[in-house]
Novice: 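Starting off with a structure, shown below.
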Amino acid sequence: MTDAVALPGQPRGAVLSGPATERAVNVLAPNPSAMTLDGTNTWIVAEPDSDLAVVIDPGPLDEGHLRAVVDTAEQAGRRIALTLLTHGHPDHAEGAARFAELTGTRVRALDPALRLGEEGLAAGDVIAVGGLELRVVATPGHTADSLCFHLPADRAVLTGDTVLGRGTAVVAHPDGRLGDYLDSLRRLRSLTVDDGVHTVLPGHGPVLEDARGAVEFYLAHRAHRLAQVETAVEDGHRSPAEVVAHVYADVDRSLWPAAELSVRAQLEYLRGHGLI
């Protein structure tokens with residue numbers, strides 16, 4: 001068995017519902033798949049002595065899961081005061097409207113179509129609830145509306161699908177763009193260097209104890225894949241499907257449709273930079 005410390009980002013271990021940091025508690029949604037890993041991590045975040053909490057990514061439209069999130073907060077003596085979305089993919093956001101009904105909360109998101117209430121989210125926003133502080137970090141690339149939430153008090157960042165607890169994220173072309181994604185990873189790396197962030201609370205997979213190591217791995221992985229795609233095109237593999245079959249030959253074929261999205265984003269990036 002591989003030592004977790006040797007893996008990128010130093011994953012904590014099994015993905016479980018329960019406390020992850022002093023302020024963040026995970027409620028794991030029952031939607032495991034090749035794309036969602038163990039399921040969606042729904043995060044309840046609150047100051048230790050506060051009776052108010054924020055929920056990030058209610059997850060799929062699963063009544064049992066949504067009620068489990070409410071129950072988890074209430075059992076800790078807390079009322080959910082606000083709902084936030086990292087992005088609009090259904091495994092993170094489909095249950096948001098029903099969750100708002102259950103909790104009476106507003107839903108804040110970058111995409112106006114996902115909001116319930118007048119307030120959205122934008123880079124640099126500071127969200128304050130019950131003494132808790134979350135800072136909004138713009139991280140487009142996986143999708144155009146992707147955001148992360150910096151939790152300074154725990155030296156942590158909640159990353160949605162921008163950085164996963166296991167494996168690497170898809171650049172969901174055409175909505176996601178590789179140039180944006182690389183910029184977002186560099187922005188997260190700055191958080192680890194300049195702001196002391198060391199913990200990743202991802203949207204899927206285990207908590208990562210080495211945020212900088214995870215982001216550095218992602219950047220190196222993207223550079224490696226780009227070089228592979230460039231070489232594949234030079235060798236005559238022209239269509240995205242041909243490039244996937246060549247570059248991702250060692251990847252489970254069930255993941256090839258997702259890989260093709262990333263390849264399309266890579267091809268667009270290489271063409272835009274005059275490299276192919």
Side-chain angles (χ1 to χ4, degrees), residues 7-11 15 26 29 31-43 56-57 59 85-93 110-111 137-150 156-192 197 199-208 210-226 228-229 240 243-244 247-248 250-252 254-269:
L7 295 173
Q10 296 181 19
V15 183
N26 181 32
N31 62 333
S33 72
M35 292 299 296
T36 61
L37 305 181
D38 309 85
T40 300
N41 295 328
T42 293
W43 293 102
I56 298 171
D57 289 351
L85 298 178
T86 61
H87 65 297
H89 279 168
D91 55 311
H92 294 258
L110 179 61
D111 184 349
V137 183
T139 51
H142 170 67
T143 60
D145 69 331
S146 287
L147 299 170
C148 292
F149 298 99
H150 177 200
V157 61
L158 298 106
T159 55
D161 282 356
T162 299
V163 175
L164 304 177
R166 186 170 64 249
T168 55
V170 171
V171 179
H173 184 272
D175 183 44
R177 298 173 64 89
L178 183 58
D180 291 342
Y181 187 60
L182 295 174
D183 288 343
S184 294
L185 291 175
R186 296 182 187 109
R187 197 168 296 121
L188 290 176
R189 181 172 58 186
S190 293
L191 280 183
T192 70
V197 167
T199 302
V200 173
L201 304 176
H204 304 281
V207 172
L208 299 178
D210 177 16
R212 183 172 182 179
V215 175
E216 294 284 5
F217 169 76
Y218 266 55
L219 285 164
H221 172 77
R222 285 297 165 194
H224 178 62
R225 282 297 193 210
L226 266 177
Q228 287 181 308
V229 170
V243 172
V244 168
V247 172
Y248 292 81
D250 60 339
V251 174
D252 187 327
S254 69
L255 298 176
W256 281 15
E260 185 169 325
L261 297 179
S262 285
V263 164
R264 289 179 181 276
Q266 290 162 337
L267 291 170
E268 179 185 69
Y269 180 89

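The residues of the chain are indexed from 1 along the displayed sequence. What you see below is based on every heavy atom in this structure, not just the backbone, and it leaves out hydrogens, waters and symmetry mates.
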Novice: Mind checking the CZ-OH spacing from Arg186 to Tyr181? Nearest 0.5 Å is all I need.
Specialist: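 One gets 12.0 Å once the value is rounded to the nearest 0.5 Å.
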Novice: Going by atom types alone, do His87 and Asp145 pair a side-chain donor with an acceptor below 3.5 Å?
Specialist: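 There is no such pair between these side chains.
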Novice: Distance from Thr143 atom OG1 to His92 atom NE2, nearest 0.5 Å?
Specialist: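 Going from OG1 on Thr143 over to NE2 on His92, the span is 9.0 Å.
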Novice: Arg166 and Pro206: which non-hydrogen atoms are nearest, and at how many Å?
Specialist: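 Looking at all heavy atoms of both residues, the shortest contact is NH1-CD, 3.8 Å.
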Novice: Could you tell me if Thr36 and Asp91 have a donor-acceptor pair between their side chains, going purely by distance under 3.5 Å?
Specialist: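 No donor-acceptor contact under 3.5 Å links the two side chains.
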Novice: With a 4.5 Å cut-off on side-chain heavy atoms, are Val171 and Arg264 touching?
Specialist: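 Arg264 vs Val171: side chains apart.
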Novice: Is there side-chain contact between Thr86 and Ile56, with at least one heavy-atom pair below 4.5 Å?
Specialist: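 A side-chain contact exists here, since the closest heavy-atom pair is under 4.5 Å.
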Novice: Tell me the closest heavy-atom pair linking Ala265 and Gly176, and the distance in Å.
Specialist: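 What the structure gives for the nearest pair is CB-O, 4.4 Å.
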Novice: Will you find, in the side chains of Thr159 and Thr162, an N or O donor that is under 3.5 Å from an N or O acceptor?
Specialist: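 No - no donor-acceptor pair under 3.5 Å links their side chains.
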Novice: What I want to check is whether the side chains of His204 and Asn41 have a donor and an acceptor closer together than 3.5 Å.
Specialist: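 Note: His204 and Asn41 side chains miss the donor-acceptor criterion.
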Novice: Just so I know, are the side chains of Ser184 and Pro140 near enough to count as touching, which here means a heavy-atom distance under 4.5 Å?
Specialist: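 A side-chain contact under 4.5 Å exists here.
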Novice: For a side-chain contact (heavy atoms from CB on, under 4.5 Å) check, start with the C-alpha distance between Met35 and Ser254, then their side-chain angles and the critical distance, and finish with the verdict.
Specialist: CA-CA 10 Å; Met35 292 299 296; Ser254 69; over 6 Å; no
Novice: Is any side-chain heavy atom of Glu260 closer than 4.5 Å to a side-chain heavy atom of His173?
Specialist: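 A side-chain contact is absent here, since even the closest heavy-atom pair is not under 4.5 Å.
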Novice: Could you check whether any side-chain N or O of Arg177 sits under 3.5 Å from a backbone N or O of Ala144, counting only pairs where one atom can act as donor and the other as acceptor?
Specialist: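 Not a single qualifying donor-acceptor pair exists.
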Novice: Show the nearest heavy-atom pair for residues Leu85 and Phe149, with the distance to one decimal.
Specialist: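 Closest approach of Leu85 to Phe149: O-CZ, 3.8 Å.
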Novice: Decide side-chain contact (heavy atoms from CB on, under 4.5 Å) for Val243 and Tyr248; before the verdict, give the C-alpha distance in whole Å, the side-chain angles of both, and the deciding distance to 0.1 Å.
Specialist: CA-CA 8 Å; Val243 172; Tyr248 292 81; 5.8 Å; no
Novice: How many angstroms lie between atom CZ of Arg189 and atom CD of Glu216, to the nearest 0.5 angstrom?
Specialist: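 Between atom CZ of Arg189 and atom CD of Glu216 there are 5.0 Å.
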Novice: Measure the spacing between CG of Leu147 and CG of Leu158 and express it to the nearest 0.5 Å.
Specialist: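 The CG atom of Leu147 sits 12.0 Å away from the CG atom of Leu158.
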Novice: Is the closest side-chain heavy-atom distance between Leu267 and Pro240 below 4.5 Å?
Specialist: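 Yes, side chains in contact.
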Novice: Return the minimal non-hydrogen interatomic distance between Thr168 and Leu164, and the atom names on each side.
Specialist: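 Shortest heavy-atom separation between Thr168 and Leu164 comes out as O-CD1, 3.6 Å.
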Novice: Determine, step by step, whether Val163 and Leu185 satisfy the side-chain contact (heavy atoms from CB on, under 4.5 Å) criterion, reporting the C-alpha distance in whole Å, the side-chain angles of both residues, the deciding distance to 0.1 Å, and the verdict.
Specialist: CA-CA 9 Å; Val163 175; Leu185 291 175; 4.2 Å; yes
Novice: Using a 4.5 Å cut-off on heavy atoms from C-beta on, say whether the side chain of Val157 contacts that of Leu191.
Specialist: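 The answer is yes; the side chains approach within 4.5 Å.
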Novice: Heavy-atom distance under 4.5 Å between the side chains of Phe217 and Arg222, does that happen here?
Specialist: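 SC-SC contact between Phe217 and Arg222 ruled out.
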Novice: Against Val200, only a single residue in Leu188, Thr192, Leu208 fulfils side chain to side chain contact (heavy atoms under 4.5 Å, CB included); can you say which?
Specialist: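 Single pass found, and it is Leu208.
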Novice: Does Asp57 offer a backbone N or O that forms a donor-acceptor pair with the side chain of Trp43 under 3.5 Å?
Specialist: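 No, because the side chain of Trp43 does not come within donor-acceptor range (under 3.5 Å) of the backbone of Asp57.
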Novice: Do Leu201 and Val207 come close enough that some side-chain heavy atom pair is under 4.5 Å?
Specialist: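 Answer yes - side chains close enough.
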